[in-house]
There are 2 protein chains.
Amino acid sequence: MEARIEKIKQALQSQGFKLTPQREATVRVLLENEEDHLSAEDVFMLVKDKAPEIGLATVYRTLELLSELHVLEKMNFGDGVARYDLRNDSTHHHHHHLICVQCGSVDEIMEDWLTPLEVRLDEEYHFQVLDHRLDFQGICHRCNGRGKPAALDRSKTHAPT
Amino acid sequence: MEARIEKIKQALQSQGFKLTPQREATVRVLLENEEDHLSAEDVFMLVKDKAPEIGLATVYRTLELLSELHVLEKMNFGDGVARYDLRNDSTHHHHHHLICVQCGSVDEIMEDWLTPLEVRLDEEYHFQVLDHRLDFQGICHRCNGRGKPAALDRSKTHAPT
DNA sequence: TTAGGTGCAAATCTTTTGCAGAAAG
DNA sequence: CTTTCTGCAAAAGATTTGCACCTAA
């Protein structure tokens, strides 16, 4: 935990930004809720517990800044709010989501299934892939009663609102 | 063109809705700009040429209604506005987008590359896929100077704003 | 002391909604 | 007539911005 904060601190400082108490509180909230896909409002309410004087605008500015530094990923599941996801270290981050149309949950798959496709894109479409995102809409294991699959054991979940 | 409007009219009427002049003008704009991914505002401005008295709220209501009828697909590329895409007939629609981080263009791939993955999702993740969406961020053929690939000849493009 | 940061409130932008009147079956 | 639909204006909700003050190298 501390090591990851230190790393984020360095990412900020390398670009001339500071890890202020407000930013640190925000980062801690993100680290503590890494399994979820929090919205700015979610983060704001959680940060208020640690630093009640913080303003919503500061949270937005922090999330925006961390997104630009590629510490966070800003994403949109179509529910009207942006959600943010910490990127794991320096390794490629793969965004494969299982979005349940019934309960609204979002599970995240940690495997990368797209490398072969990226090769094809380069060769057949002359497109140089920098990042990707893959979302599936459907019925999750909770709603279809088939039980939790072993493959999801290391997944992140964003519970429905 | 007329045949497709007739089909949409039937989709509306089968659910007790009418193809009003405003809705028809909206649908015609969508048909005439099928290669683009228009926002509600885009559609509104184009519809005004045909029917200057139309209100923005009507456009929003029409787009929402057509999305619910699965005539349109509502999507979000992270630029702050919802964009709409006509679905092709009754066949499955595959949403594979090449989003250029440099010029902002969005090309659409019409192939479906994900069927094998959907099988795996069912078997390994107990997730029943209803729909999917795959976005790649990167540098497009226009920006990297490698020329237009033959594979893109039947693609849709949403030009940068 | 100087650039970066913050909180607050106001502003902006997209989208939705209430309402009274219009259109269609 | 009764339901659906429309335009307008107002409202709502998310995000951004202007500004005066603050805080660290």
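By convention in this document, chain letters (A, B, ...) are assigned in the order of the sequence lines, proteins followed by strands, and residues within each chain are numbered from 1. Predicted model, so just to flag it, every value in this text is computed and none were measured.
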> Hey, is B:Arg83 close enough to B:Asp42 for a salt bridge, meaning N to O under 4.0 Å?
Replying inline: yes
>> Can you list, in residue-number order, the parts of residues 10-22 of chain A that come under 4.0 Å of DNA chain D, counting heavy atoms only?
In response: none
>> In this structure, how many angstroms lie between the P atom of C:dG4 and the CD atom of A:Glu68, rounded?
In response: 14 Å
>> Using whole Å, what does the distance between atom P of nucleotide C:dT6 and atom CG of A:Leu63 come to?
In response: 12 Å
>> Between B:His37 (side chain only) and B:Tyr84 (backbone N and O only), is there a donor and an acceptor less than 3.5 Å apart?
In response: no
> What residues in residues 45-61 of chain A put a non-hydrogen atom under 4.0 Å from any atom of DNA chain D?
Replying inline: A:Leu56, A:Ala57, A:Tyr60, A:Arg61
>> Students should find this one: the first and last nucleotides of DNA chain D, 5' to 3', lying under 4.0 Å from a heavy atom of chain B. What are they?
In response: D:dT4 to D:dC8
>> Among residues at least two apart in sequence or on other chains, which ones pass salt bridge (Lys or Arg N to Asp or Glu O under 4.0 Å) with A:Arg146?
In response: B:Asp122
> In whole angstrom, what separates A:Leu66's CG from C:dG5's C1'?
Replying inline: 14 Å
>> So, using side-chain hydrogen bond (donor to acceptor under 3.5 Å, both in side chains) as the criterion, who are the partners of B:Gln10 when residues are at least two apart?
In response: none
> salt bridge (Lys or Arg N to Asp or Glu O under 4.0 Å) with A:Glu41: which residues, sequence neighbours excluded?
Replying inline: none
> Rounded to the nearest Å, what distance is computed from the NZ atom of residue B:Lys74 to the C1' atom of nucleotide C:dT14?
Replying inline: 10 Å
> Residues two or more places apart in sequence or in another chain: which of them pass ring pair (Phe, Tyr, Trp, His ring centres under 6.0 Å) with A:His141?
Replying inline: none
> How would you list, by chain and number, every residue that makes a side-chain contact (heavy atoms from CB on, under 4.5 Å) with B:Val119, sequence neighbours excluded?
Replying inline: B:Glu123
> How close or far is atom P of C:dG5 from atom NZ of A:Lys9, stated in whole angstroms?
Replying inline: 13 Å
Listing, residues 50-62 of chain B side-chain donor-acceptor contacts under 3.5 Å, not counting sequence neighbours, or none:
unit_1	atom_1	unit_2	atom_2	d
B:Lys50	NZ	B:Glu32	OE1	3.2
B:Lys50	NZ	B:Glu32	OE2	2.9
B:Thr62	OG1	B:Thr58	O	2.8

> Which residue pairs satisfy the salt bridge (Lys or Arg N to Asp or Glu O under 4.0 Å) criterion with at least one member in residues 19-31 of chain A, sequence neighbours excluded?
Replying inline: A:Glu2-A:Arg28, A:Glu24-A:Arg28
>> Run the salt bridge (Lys or Arg N to Asp or Glu O under 4.0 Å) test against A:Glu124 and tell me which residues pass, sequence neighbours left out.
In response: A:Arg120
>> I need the CZ-C1' distance between A:Arg23 and C:dG7, as an integer number of Å.
In response: 14 Å
> Quick one, which residues of residues 25-32 of chain B touch DNA chain D with a heavy atom under 4.0 Å?
Replying inline: none
> When rounded to the nearest 0.5 angstrom, what is the spacing between CG in A:Asn76 and OG in A:Ser39?
Replying inline: 11.5 Å
> Strictly under 6.0 Å, is that where the ring centroids of B:His96 and B:His132 end up?
Replying inline: yes
> Below 4.5 Å, heavy atoms only, C-beta onward: do B:Asp131 and B:Glu73 meet side chain to side chain?
Replying inline: yes
